[in-house]
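Because only heavy atoms are used, hydrogens play no part in the values below, and waters and symmetry mates are left out as well, while side chains stay in. Labels below follow one simple rule: chain letters A, B, ... track the order of the sequence lines, proteins then strands, and each chain is numbered from 1.
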Number of protein chains: 2
Amino acid sequence: MVRPTLAKQIPNLQQAIKEAAWRHIARAGAPALSLRAIARDLKITAPAIYNYFPDRDALVTSLIIEAYTSFGDSQLAARDAVPAQDLIGRLTAIGLAYREWAHRFPQRYQLIFGTPIPGYQAPMMEVMPSAARSLGVLVSVVEQLRRAGRLKVRSFPKVKAEFQAGFEMWKKYGGEADILSLSISMVIWARVHGIVSLEIAGSLPPFGASGDDLYLYEINSITRQFMKE
Amino acid sequence: MVRPTLAKQIPNLQQAIKEAAWRHIARAGAPALSLRAIARDLKITAPAIYNYFPDRDALVTSLIIEAYTSFGDSQLAARDAVPAQDLIGRLTAIGLAYREWAHRFPQRYQLIFGTPIPGYQAPMMEVMPSAARSLGVLVSVVEQLRRAGRLKVRSFPKVKAEFQAGFEMWKKYGGEADILSLSISMVIWARVHGIVSLEIAGSLPPFGASGDDLYLYEINSITRQFMKE
DNA sequence: TTAATAAATATACAGTGTTTAGTTATAAGG
DNA sequence: CCTTATAACTAAACACTGTATATTTATTAA
């Protein structure tokens with residue numbers, strides 16, 4: 001006396017729910033995500049979704065993890081497409097891939113790095129692995145530059161003492177990296193995020209012929225300021 | 001046969017609605033803003049608000065303009081607190097004031113620069129004046145540096161041709177400024193926004209004893225990279 | 001065949017923004 | 001002073017939302 005099959009017409013409902021959610025997000029943005037609209041799409045009732053996700057936030061968390069994974073894949077692919085010796089080339093490549101992914105999936109970018117769902121706060125414990133994997137690509141390249149003695153920083157602000165612990169957690173997921181590498185990665189991330197988030201919000205006009213000249217300028221500023229050679 | 005007074009107990013309902021809205025935003029964040037909750041606060045019914053704002057988005061727009069004004073005030077005050085001769089000092093001052101304001105009013109910062117209201121898109125025509133006034137403070141200092149021949153840029157990416165027109169609009173509001181000054185202001189803005197937005201979202205740990213060392217580091221990076229002397 | 005059970009539905013509740021119709025209060029004109 | 005025009009407000013309803021509860025359906029194992 002156990003369980004019946006889950007599927008009638010739809011073989012994998014859990015997956016189908018997420019796919020329908022992505023369709024809605026792509027069309028109307030993350031805030032417009034509605035369980036009832038998803039249910040209508042799949043010709044089921046809204047409470048049926050609760051068999052696969054405890055509540056709407058859990059669905060959103062699941063989507064965020066998927067987005068981080070997609071983002072991380074593109075970061076890894078960009079890094080590994082450049083020879084391991086060419087660290088500056090790798091840094092540039094992941095920088096460009098960062099913007100490219102964000103522009104290809106602006107709604108996903110806002111889902112991850114913005115706060116587009118009203119009362120939602122991402123549960124760090126669940127999201128951390130996929131988040132650290134994606135942002136860890138940058139850290140890994142910076143760390144290798146540091147080990148090669150090619151970091152051009154005389155002094156750098158230290159993380160506040162009581163946050164050192166939380167910072168150490170990153171090391172677990174992102175591979176063994178020095179605090180300095182993590183800190184510099186944060187600055188780089190902030191700079192890149194600054195431009196990309198304003199671009200996506202439509203607050204920055206496109207610079208240059210293909211609209212990415214300002215971004216390239218910043219990527220070069222970063223390498224010139226922080227890296228030797 | 002004309003019009004009656006608008007107020008019974010509440011002398012200025014329009015203002016009272018906005019104040020109640022700010023209270024809710026400060027407590028629960030912008031996405032939690034609810035016309036019915038505001039109405040409950042003021043002991044009126046929700047549709048009564050429609051006598052003062054055509055819809056919820058109009059109320060939000062009004063709040064955004066108020067926020068920009070408050071932000072602009074703090075920018076102007078910071079700039080004018082430093083002697084006009086000390087342009088680098090002025091640049092540093094408005095940079096610090098930017099972060100200070102954002103940390104004092106994180107909800108307002110997200111209201112302006114994030115996208116915290118589900119379907120809302122700010123109407124540029126209405127918001128532009130107050131937005132340009134506040135961001136124009138940065139532009140004005142950069143422009144004065146340019147006129148003094150103290151901009152350290154060999155080449156800088158140009159704004160895409162078809163956006164030149166929209167860029168010219170900024171000049172109307174932000175005072176007469178060269179396109180180069182506007183462009184450099186954009187980069188500076190993006191860098192500052194990158195850190196501040198991540199800080200406010202809780203994604204950046206505090207650096208240094210008072211948590212602003214990383215920000216100071218970036219402000220100095222900006223002046224060292226773009227300005228002479 | 002029967003009993004167990006996962007999965008779906010039906011229904012309901014409390015909340016939202018907004019529309020419509022009707023009411024109230026005020027101020028001016030005759 | 002009293003009527004009338006009208007701005008401002010309320011009451012009720014509509015179409016939504018997420019979610020809880022109870023019930024039904026369908027499947028599978030005993």
Side-chain angles (χ1 to χ4, degrees), chain A residues 1-18 20-21 23-25 27-63 115-123, chain B residues 1-18 20-21 23-25 27-64 111 115-123:
Chain A
M1 33 320 233
V2 199
R3 68 203 54 138
T5 69
L6 11 153
K8 290 191 307 188
Q9 266 81 355
I10 304 158
N12 189 343
L13 238 186
Q14 167 128 16
Q15 191 57 33
I17 290 166
K18 289 203 273 188
R23 280 199 302 275
H24 285 128
I25 286 176
R27 183 153 26 84
L33 199 151
S34 151
L35 292 186
R36 296 182 109 115
I38 293 169
R40 273 195 299 273
D41 253 33
L42 301 175
K43 295 184 200 311
I44 58 174
T45 60
I49 298 175
Y50 285 73
N51 287 311
Y52 302 94
F53 300 95
D55 52 18
R56 197 190 60 154
D57 285 7
L59 170 59
V60 172
T61 299
S62 175
L63 296 174
T115 51
I117 269 72
Y120 179 79
Q121 257 283 57
Chain B
M1 39 304 244
V2 200
R3 67 204 54 136
T5 68
L6 9 154
K8 290 192 306 188
Q9 265 81 356
I10 304 158
N12 191 343
L13 238 187
Q14 168 129 15
Q15 191 58 32
I17 290 167
K18 289 203 274 189
R23 280 198 301 275
H24 284 128
I25 286 176
R27 182 153 26 84
L33 198 151
S34 152
L35 292 185
R36 296 182 109 114
I38 292 169
R40 274 195 299 274
D41 252 34
L42 301 175
K43 296 184 199 313
I44 58 174
T45 61
I49 297 175
Y50 285 71
N51 287 310
Y52 301 94
F53 301 95
D55 52 18
R56 198 191 56 154
D57 285 6
L59 170 59
V60 172
T61 299
S62 175
L63 296 175
I64 285 179
L111 185 68
T115 53
I117 268 74
Y120 179 79
Q121 257 284 57

I'd like to check the salt bridge (charged side-chain N to carboxylate O under 4.0 Å, His left out) partners of B:D57; sequence neighbours left out, ordered by chain and number. none

Who are the salt bridge (charged side-chain N to carboxylate O under 4.0 Å, His left out) partners of B:R23, not counting sequence neighbours? B:D41

As a test of reading the structure: which of C:dA10, C:dT16, D:dA11 is closest to the side chain of B:T45, going by heavy atoms? D:dA11

Does B:Y52 have a side-chain nitrogen or oxygen under 4.0 Å from the phosphate oxygens OP1 or OP2 of D:dA8? no

Does A:R40 have a side-chain nitrogen or oxygen under 4.0 Å from the phosphate oxygens OP1 or OP2 of D:dC16? no

Would you kindly give the [atom1]-to-[atom2] distance between [X] and [N], to the nearest whole Å?
X     : N      : atom1 : atom2 : result
B:L42 : D:dT10 : CG    : C1'   : 15 Å
A:F53 : D:dG18 : CZ    : C1'   : 15 Å
A:H24 : D:dG18 : NE2   : P     : 11 Å
B:I17 : D:dA8  : CD1   : P     : 11 Å
A:Q14 : C:dA6  : CD    : P     : 16 Å
A:I38 : D:dT17 : CD1   : P     : 10 Å
A:I49 : C:dA7  : CD1   : C1'   : 13 Å
A:N51 : D:dA26 : CG    : C1'   : 13 Å

Please write out the pairs of protein N or O atoms and N or O atoms of nucleotides 17-21 of chain C separated by less than 3.5 Å, giving the distance to one decimal.
residue	atom	partner	partner atom	Å
C:dG17	OP1	B:L35	N	2.6
C:dG17	OP2	B:L35	N	3.2
C:dG17	OP2	B:R36	N	3.1
C:dG17	N7	B:R36	NH1	2.5
C:dG17	O6	B:R36	NH1	2.7
C:dT18	OP2	B:Y50	OH	2.7
C:dT18	OP2	B:R56	N	2.8
C:dT18	O5'	B:Y50	OH	2.8

Measuring only between side-chain heavy atoms, which start at C-beta, is [X] closer than 4.5 Å to [Y]?
X     : Y     : value
B:I49 : B:I44 : yes
A:I38 : A:L33 : yes
A:L35 : A:I17 : no

Roughly how far, to the nearest 0.5 Å, is OH of B:Y52 from NZ of B:K18? 13.0 Å

Under the side-chain contact (heavy atoms from CB on, under 4.5 Å) rule, what do A:Y120 and A:T61 come out as? Steps first, then yes or no, please. CA-CA 9 Å; A:Y120 179 79; A:T61 299; 2.5 Å; yes

